[in-house]
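Beneath this line is the structure, given in structure tokens, with notes to follow.
Quick caveat, the model's predicted, so the values are computed rather than measured.
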Amino acid sequence: MKLVTTLYRQFQHLVHEVAKFGLVGLLGLVVDLPIYNWLVFNNPLVLADSGVGMLHHKPLTAKLISTTVATIVTYFGNRYWTWRHRERSGLHREYVLFFVLNGIGLLIAAGCLAFSRYVLDLHSWLSDNIAANFIGLGLGTLFRFWSYRKFVFREEIALDEAEHTPTPDSPAELDGESTGDLPAVR
């Protein structure tokens, strides 16, 4: 039990980020799924293949629209809840980078949908949702989590360096390590 507690303490921050990211992602799914299914199958409730929506023959366009709307929602959820403790580098930079990385995530989901539709020739609501919203979204989510942490919502550099620099225990240790140079101001 001590091992589990120790591991949890080491990864507690990451566990909390993953949980928050997952909840924001679920909110994005709640936005994405009904829009896609309404546009393609004229059924926002995802209960069954109930017909032909206005973009039935353009599922990739429908996926682009639904994902774009969901991306706007998830940006604000991630910025102001999941990674609110992270460095802010300007709304414009973050927003553009977030959308670019979401575009890559969208390409992953659209690629899975295109493979299902055009290679496997599957056109049902079930096959579309499995390909785009289960497999594609799952792979895209892994990419998004990694890329958001790495590129969009970065840790403050000063905090990272402070964590890896040992602090002297006494003034005598400080004097022994002194080179006579003035400290760098950041």
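- For the pair Thr67 and Arg144, the tightest heavy-atom approach, listed with the atom from each and the gap, is CG2-NH2, 4.3 Å.
- Taking 4.5 Å as the limit, every side-chain heavy atom of Ser147 sits out of range of all side-chain heavy atoms of Ile104.
- Closest approach of Arg117 and Asp128 over heavy atoms only: NH2-OD2, 2.7 Å.
- Closest non-hydrogen pair, Val40 versus Leu55, comes out as CG2-O, 4.0 Å.
- Side-chain contact between Cys112 and Phe134 is absent, with no heavy atoms from C-beta onward closer than 4.5 Å.
- Checked against a 6.0 Å centroid threshold, the rings of Phe151 and Trp146 count as neighbours.
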Practice problem: Apply side chain to side chain contact (heavy atoms under 4.5 Å, CB included) to the pair Leu14 and Arg149, showing each step before the final yes or no. | Solution: CA-CA 10 Å; Leu14 182 62; Arg149 289 187 90 234; 3.8 Å; yes
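- Considering only heavy atoms from C-beta on, Leu64 comes within 4.5 Å of Thr68 through its side chain.
- Leu122 and Val52 are not part of a single hydrophobic cluster, where members link through side-chain heavy atoms under 4.5 Å apart.
- Under the 30°/60° scheme for interplanar angles, the aromatic rings of Phe76 and Tyr95 are found to be tilted.
- What you find for Ala109 and Ala132 is that their closest heavy atoms are CB-O, 3.8 Å.
- Asp32 has its side chain out of reach of Val69: every pair of non-hydrogen atoms, C-beta onward, lies at least 4.5 Å apart.
- Side-chain contact between Arg93 and Leu97: present, with at least one pair of heavy atoms (C-beta onward) separated by less than 4.5 Å.
- Rounded to the nearest 0.5 angstrom, Leu33 CG and Leu26 CG are separated by 11.0 Å.
- By the rule that hydrophobic residues join a cluster once side-chain heavy atoms approach within less than 4.5 Å of another member, Phe21 and Phe98 end up as members of one cluster.
- Side-chain contact between Leu101 and Phe143 is present, with at least one heavy-atom pair separated by less than 4.5 Å.
- Hydrophobic clustering (side-chain heavy atoms under 4.5 Å, transitive across Ile, Leu, Val, Met, Phe, Trp, Tyr) keeps Phe115 apart from Leu106.
- Proximity of a side-chain donor or acceptor of His56 to a complementary backbone N or O of Phe41 within less than 3.5 Å is not detected.
- Considering Asn102, Thr74, Asn78 as possible partners of Tyr148, the one that fulfils the side-chain hydrogen bond (donor to acceptor under 3.5 Å, both in side chains) test is Asn102.
- By the criterion of side-chain heavy atoms lying less than 4.5 angstrom apart, applied directly or through intervening Ile, Leu, Val, Met, Phe, Trp or Tyr residues, Leu60 is grouped together with Phe99 in one hydrophobic cluster.
- Residue Ser127 comes nearest to Ser116 through the heavy atom pair O-OG, 3.9 Å, listed as atom of the first residue, atom of the second, then distance.
- A continuous path of ILVMFWY side-chain contacts below 4.5 Å connects Ile135 to Ile108, so both sit in one hydrophobic cluster.
- With rounding to the nearest 0.5 Å, the separation of CG in Leu137 from CD1 in Ile130 is 13.5 Å.
- Other residues, nucleotides and ligands contribute over 12 non-hydrogen atoms within 6.0 Å of the OH atom of Tyr118.
- Heavy-atom minimum distance, Trp38 versus Met54: CH2-CE, 3.3 Å.
- The shortest side-chain heavy-atom distance between Val18 and Phe145 falls under the 4.5 Å cut-off.
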